[in-house]
*Asks:* 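One structure, pasted below without further comment.
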Protein chains: 2
Amino acid sequence: MARTQGSHSDITGPRIQAAALKLFAQHGYAAVSMRQIAKEVGVQAGALYNYTPDKQSMLFRLMKTHMVDLLTAWEESESPEGPLEQLRHFTRFHIRFHRERPEEVFIAYMELRNLSPENFAEIEALRGQYENALETILKAGVEAGQFHVPDTKIATLAVIAMLTGVNTWYRAGGRLSLDEVEAIYWDMVRKSVAP
Amino acid sequence: MARTQGSHSDITGPRIQAAALKLFAQHGYAAVSMRQIAKEVGVQAGALYNYTPDKQSMLFRLMKTHMVDLLTAWEESESPEGPLEQLRHFTRFHIRFHRERPEEVFIAYMELRNLSPENFAEIEALRGQYENALETILKAGVEAGQFHVPDTKIATLAVIAMLTGVNTWYRAGGRLSLDEVEAIYWDMVRKSVAP
DNA sequence: GTCTATAGATCGATAGAC
DNA sequence: GTCTATCGATCTATAGAC
């Protein structure tokens, strides 16, 4: 069947998402115009509105997709036996997953305040689910006497903050391989919750 | 001497800084207009340009003042003897200082990409100086055999990321006092670099 | 599904009166 | 030092042709 006049591609949707991801990460949501996104894709600004009701929805979709991907990948990952091995698994998983998606991670942290209240609540709930995954591991380890942390909730946030920090400095081809980075962080995480 | 006509205050300058601080932290630099800042202060937009050459300079001044304040406060703080006590001192200092200035800290982390290249380089240099303060402590502790870290540079960034994370969740009047928070983080920091 | 064109609002920054 | 007024650019979103 012949294509409708003016329709040049059926993958414009994903290309718009990719352009928004790149530009939001680079300049920030508020600083990026719909015209810039359209130019990156190679269409006119009006055409974007065939794929999104507004700019806010583009941001929300990027962030929600990222959080759902994160939770799904975690749930599908092979969980080893025992709190210590599970903590090692989480450390490794977190560093790898976040390292593979620097733009999504950056947006997920920096653009929370640009979400509408309803959208913000939804993203925060997903983030809470992810934090719970780590806290569950820490609680089990404390119960088994393998970990000592004064407060599992704070330890959860502290470990995640430490691990996510990798994204602020790691560059592929730098002084350290990703394996080395993982080993270094695992050493620190392991000790930080040691009895 | 009589006041110049139209001059209603000689503290307009600081009030503009305060308004910019509040609004940039709340909505982000790019999302805040000069008219919004002026309204917060109670003047017209044009009057702002008696105090700043442009919007970019307002952001840079906020960030530079914050970083210089941070370095000055650190240098003026009483440094104890020995790497372990110095690390405890740093942990306590970092949490307190950052907790007292949530808006400045937020801007200093979130608005780096909105700085001009020259301004960015200057802020990054100051940040590097602060990181060096911690790395110096860690190096001394490793040399003395009191610490074990696979890489002092990464350990520096990991500890700072962990400690700065306090600002994302701590609220005055919450479940934990600041003393308790400091104790919890000190326990984790101390162990994370333990031999 | 994409285009052109535009409505309607808002932006940063400046000019000139007082 | 602050005001009013405005320039020229840019913004999001929509309307209608094809």
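Bear in mind that the values here come from a model prediction, so they are computed numbers and not experimental data.
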*Asks:* Under a 3.5 Å cutoff, is there a donor and acceptor pairing between the side chains of B/His94 and B/Thr164?
*Replies:* yes

*Asks:* Distance check needed: C/dC3 C1' versus A/Tyr49 OH, whole Å only.
*Replies:*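 Distance, rounded to whole Å: 15 Å.
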
*Asks:* In whole Å, I'd like the distance from the CG atom of A/Asp54 to the P atom of D/dT14.
*Replies:*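 Distance, rounded to whole Å: 8 Å.
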
*Asks:* Can you tell me which nucleotide in D/dC3, C/dC3, C/dG1 comes closest to the side chain of B/Val43?
*Replies:* D/dC3

*Asks:* Could you tell me whether B/Tyr130 and B/Phe90 have their ring centroids closer than 6.0 angstrom?
*Replies:*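 Yes, ring centres under 6.0 Å apart.
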
*Asks:* What pairs of residues pass the salt bridge (Lys or Arg N to Asp or Glu O under 4.0 Å) test when at least one of them lies in residues 144-169 of chain B, not counting sequence neighbours?
*Replies:* A/Arg175-B/Asp151, B/Glu131-B/Lys153

*Asks:* Between B/Gln44 and D/dT4, is there a side-chain N or O to OP1/OP2 distance below 4.0 Å?
*Replies:* yes

*Asks:* Just to confirm, is there a sub-4.0 Å distance from OP1 or OP2 of D/dT2 to any side-chain nitrogen or oxygen of B/Tyr51?
*Replies:*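 Answer yes for this pair, as a side-chain N or O of B/Tyr51 is under 4.0 Å from OP1 or OP2.
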
*Asks:* Only one of A/Phe24, A/Phe60, A/Phe106 forms a ring-ring contact (aromatic ring centres under 6.0 Å, His included) with A/Tyr29, so which one is it?
*Replies:*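 Of the listed options, the one satisfying the test is A/Phe24.
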
*Asks:* Let me know the distance between CG of A/Leu48 and C1' of D/dA13, rounded to the nearest Å.
*Replies:*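 From A/Leu48 CG to D/dA13 C1': 11 Å.
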
*Asks:* If pairs are Watson-Crick or G-U with both distances under 3.5 Å, what is the dot-bracket string of DNA chain D, marking crossing pairs with [ ] and pairs to another strand with |?
*Replies:* ||||||||||||||||||

*Asks:* Any protein N or O atoms within reach of nucleotides 8-11 of chain D? Criterion: under 3.5 Å, listing atom names and distances.
*Replies:*
| from | atom 1 | to | atom 2 | distance (Å) |
| --- | --- | --- | --- | --- |
| D/dC11 | OP1 | A/Ser33 | OG | 3.2 |

*Asks:* From CD of B/Gln56 over to P of C/dC11, roughly how many Å is that when rounded to an integer?
*Replies:*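 It works out to 18 Å between those atoms.
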
*Asks:* CD1/B/Ile95 to CD/B/Glu182 distance, rounded to the nearest 0.5 angstrom?
*Replies:* 5.5 Å

*Asks:* If you round to the nearest 0.5 Å, how far is CG of B/Leu59 from CG of B/Asn119?
*Replies:* 8.0 Å

*Asks:* Could you walk me through whether B/Glu111 and A/Arg113 pass the salt bridge (charged side-chain N to carboxylate O under 4.0 Å, His left out) check?
*Replies:* CA-CA 13 Å; B/Glu111 304 295 355; A/Arg113 65 183 162 192; 2.9 Å; yes

*Asks:* Mind running side chain to side chain donor-acceptor pair (under 3.5 Å) on A/Asp69 and A/Thr72 for me, showing each step along the way?
*Replies:* CA-CA 5 Å; A/Asp69 285 353; A/Thr72 304; 5.5 Å; no

*Asks:* Rounding to a whole Å, what distance do you find between B/Ile11:CD1 and D/dG1:C1'?
*Replies:* 14 Å

*Asks:* Tell me, yes or no, whether the heavy-atom count around A/Arg99 atom CZ, taken from other residues, nucleotides or ligands under 6.0 Å, exceeds 12.
*Replies:*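 It does: A/Arg99 CZ has more than 12 such atoms within range.
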
*Asks:* Does OP1 or OP2 of C/dT2 have a side-chain N or O of A/Thr12 closer than 4.0 Å?
*Replies:* yes

